[in-house]
Peer 1: 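My questions will all concern the structure given below.
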Amino acid sequence: RSGEMAKLTQLIDNEVFRAYATYTTIVLLKMMLMSLITAYFRITRKAFVNPEDTASFGKGENAKKYLRTDPDVERVRRGHLNDLENIVPFLGIGLLYALSGPELYTALLHFRIFAGARITHTFAYLIPLPQPSRGLSWAAGYAVTISMAYRVLKTALYL
Amino acid sequence: RSGEMAKLTQLIDNEVFRAYATYTTIVLLKMMLMSLITAYFRITRKAFVNPEDTASFGKGENAKKYLRTDPDVERVRRGHLNDLENIVPFLGIGLLYALSGPELYTALLHFRIFAGARITHTFAYLIPLPQPSRGLSWAAGYAVTISMAYRVLKTALYL
Amino acid sequence: RSGEMAKLTQLIDNEVFRAYATYTTIVLLKMMLMSLITAYFRITRKAFVNPEDTASFGKGENAKKYLRTDPDVERVRRGHLNDLENIVPFLGIGLLYALSGPELYTALLHFRIFAGARITHTFAYLIPLPQPSRGLSWAAGYAVTISMAYRVLKTALYL
């Protein structure tokens with residue numbers, strides 16, 4: 001069994017794969033942070049969506065008034081959904097790209113731009129910064145993912 | 001080619017990786033179940049969102065009245081989105097964690113808590129159970145994912 | 001280091017894994033296209049959700065009137081979310097399936113039906129085609145994913 005283990009850990013010893021593991025974990029943790037920010041705004045703005053979440057505020061009409069939407073909560077939720085839409089493709093295409101044997105320098109460049117773009121996107125969305133800040137940071141992450149997808153298809157294409 | 005195959009299947013022969021494969025498949029199937037529950041409530045509550053989905057109820061005003069939101073449908077949809085937000089990080093971080101060579105016992109503990117937490121979360125959301133049931137089950141899955149992310153970064157960090 | 005690289009690229013040299021890489025990249029690119037279609041409809045329908053996105057239309061009431069929902073925008077967004085709900089399970093279960101050593105012919109059949117079903121689903125949603133076009137294409141992708149999950153659990157089950 002330790003022989004199998006050795007072969008498995010070869011994957012995580014490879015530098016490109018370690019870089020993928022690092023940046024993927026960073027962007028997924030960043031995405032998870034959106035849940036906490038949503039919860040923070042729901043509690044401070046007293047804006048909930050499930051009746052059972054407002055039970056601690058009392059019963060009837062008193063609790064019902066906290067079942068409402070709040071612009072700050074909705075903004076964080078849109079940022080969270082945008083993360084899902086963009087980080088899921090990175091998760092899949094980035095893994096296949098890391099396994100396609102790219103140069104370490106090129107791979108790091110792709111991963112760093114993607115992570116930087118998504119972190120910038122979150123700040124641009126939540127502060128919010130004037131456009132085109134959010135648009136450009138979104139486009140940078142998108143372009144990097146397309147570039148990785150191109151290499152995967154060039155290396156692995158089997159229809 | 002059978003030599004390559006042998007090497008590939010070594011991955012799926014590793015016990016930690018098999019455990020990851022099992023629990024990931026379980027939580028993804030559970031998430032997929034949310035689509036069926038949504039469809040069930042849309043049909044029994046007659047609450048649809050696309051005009052083409054109500055065509056069988058007749059034309060004009062008669063069909064239009066079924067284009068509406070329903071609290072039960074919306075509740076399932078929120079549970080589904082919460083699954084996406086939490087199972088996507090588990091999918092990525094859990095894979096990297098399984099490749100980082102953890103002890104089988106520790107890995108199983110992580111995977112079992114996560115799967116148990118997400119199944120409990122679904123029941124807490126759909127019944128619904130009074131808070132903090134849903135909050136605690138969400139937090140358990142979140143904490144386990146953070147713990148796996150910590151090990152991935154400690155093992156593989158390459159910035 | 002080149003020895004490690006060689007072992008890594010064995011994965012991408014395996015025909016089943018190459019097929020997985022190809023079809024996963026295709027469906028993820030298709031999903032990413034939904035972002036561009038949403039942006040296209042937001043701009044042509046002048047229907048935005050963030051105040052900072054309408055700043056170029058002037059200030060005050062003049063810009064505010066473009067903060068509105070549009071049926072075409074909402075339709076694309078529903079298609080995008082449906083992609084997330086269905087392509088995320090394919091991403092995870094499909095990877096584990098590809099590592100479970102299936103026959104190349106069977107694997108290709110699964111991947112091709114899934115990709116075809118999701119592309120058909122997008123056309124059925126956006127045109128829109130009358131039901132049950134969208135329902136059937138959704139079900140085909142769903143059934144293929146269940147079939148792959150069954151093989152993963154049969155091959156790898158470790159609870």
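Lettering follows sequence order; numbering is per chain, from 1.
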Peer 1: Is any side-chain heavy atom of B/T24 closer than 4.5 Å to a side-chain heavy atom of C/V152?
Peer 2: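 Side-chain contact under 4.5 Å: no.
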Peer 1: For residues B/L33 and C/Y142, report the shortest heavy-atom separation together with the two atoms involved.
Peer 2: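 Smallest heavy-atom distance, with atoms named: N-OH, 3.7 Å.
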Peer 1: Most heavy-atom pairs under 4.5 angstrom with chain C, which of B/L81, B/T25, B/I26?
Peer 2: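 Of B/L81, B/T25, B/I26, B/T25 has the most heavy-atom pairs under 4.5 Å with chain C.
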Peer 1: Would you say C/L91 and B/V88 make side-chain contact, with heavy atoms under 4.5 Å?
Peer 2: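 They are not in contact (no side-chain heavy atoms under 4.5 Å apart), so the answer is no.
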Peer 1: Indicate yes or no: at least one non-hydrogen side-chain atom of C/L95 is less than 4.5 angstrom from one of B/L95.
Peer 2: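 Sidechains of B/L95 and C/L95: in contact.
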Peer 1: If you look at every heavy atom in B/P51 and C/R75, which pair is closest and at what distance?
Peer 2: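 That closest heavy-atom pairing would be CD-NH2, 3.7 Å.
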Peer 1: A side-chain contact here means heavy atoms from C-beta on lying under 4.5 Å apart; do C/L129 and B/E52 qualify?
Peer 2: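 Not in contact.
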Peer 1: Which atom names give the shortest non-hydrogen contact between B/L29 and C/A149, and what distance separates them?
Peer 2: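 B/L29 and C/A149 have their closest heavy atoms at CD2-CB, 3.8 Å.
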Peer 1: Is it true that, when you exclude C/R42 itself, more than 12 heavy atoms of the residues, nucleotides or ligands shown sit nearer than 6.0 Å to its CZ?
Peer 2: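 More than 12 within 6.0 Å, yes.
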Peer 1: What option among C/P128, C/P132, C/P130 has the most heavy-atom pairs under 4.5 Å with chain B?
Peer 2: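 It is C/P128.
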Peer 1: Does any heavy atom of chain C fall under 4.5 Å from the side chain of B/I87, the backbone, both, or neither of them?
Peer 2: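 Interface part for B/I87: neither.
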Peer 1: Can you tell me if C/F57 has over 12 outside heavy atoms packed within less than 6.0 Å of its CZ?
Peer 2: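 Yes - once you tally the heavy atoms of other residues, nucleotides and ligands closer than 6.0 Å, there are more than 12.
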Peer 1: Using side-chain heavy atoms (C-beta onward) and a distance below 4.5 Å, is C/Y158 in contact with B/L104?
Peer 2: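 They are in side-chain contact.
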Peer 1: What part of B/V27 is in contact with chain C, defined as an atom under 4.5 angstrom from a non-hydrogen atom: side chain, backbone, both or neither?
Peer 2: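 Neither part, no heavy atoms under 4.5 Å.
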Peer 1: If you count heavy-atom pairs under 4.5 Å with chain C, which of B/D83, B/L108, B/D53 comes out on top?
Peer 2: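 Counting heavy-atom pairs under 4.5 Å, the top option is B/D53.
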Peer 1: Select one option (side chain, backbone, both, neither) describing which atoms of B/M31 are under 4.5 Å from chain C's heavy atoms.
Peer 2: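 Contact with chain C: side chain only.
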Peer 1: Name the residue from C/E74, C/R78, C/Q131 that meets the side-chain hydrogen bond (donor to acceptor under 3.5 Å, both in side chains) definition with B/N50.
Peer 2: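 So the option named by the test is C/R78.
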Peer 1: Would you say that C/I146 contacts B/M32 through its side chain, given a criterion of any heavy-atom pair below 4.5 Å between the two side chains?
Peer 2: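 A side-chain contact under 4.5 Å exists here.
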Peer 1: Surrounding OH of C/Y40 (heavy atoms of other residues, nucleotides or ligands, distance under 6.0 Å), is the total greater than 12?
Peer 2: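 Check fails, neighbour count at 12 or below.
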Peer 1: Of the backbone (N, CA, C, O) and the side chain (C-beta and beyond), which part of B/A55 lies under 4.5 Å from a heavy atom of chain C, both, or neither?
Peer 2: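 No part of B/A55 comes within 4.5 Å of chain C.
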Peer 1: Taking C/L157, C/L159, C/L153, C/N82 one by one, which has the highest count of heavy-atom pairs under 4.5 Å against chain B?
Peer 2: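 Top option by heavy-atom pairs under 4.5 Å: C/L159.
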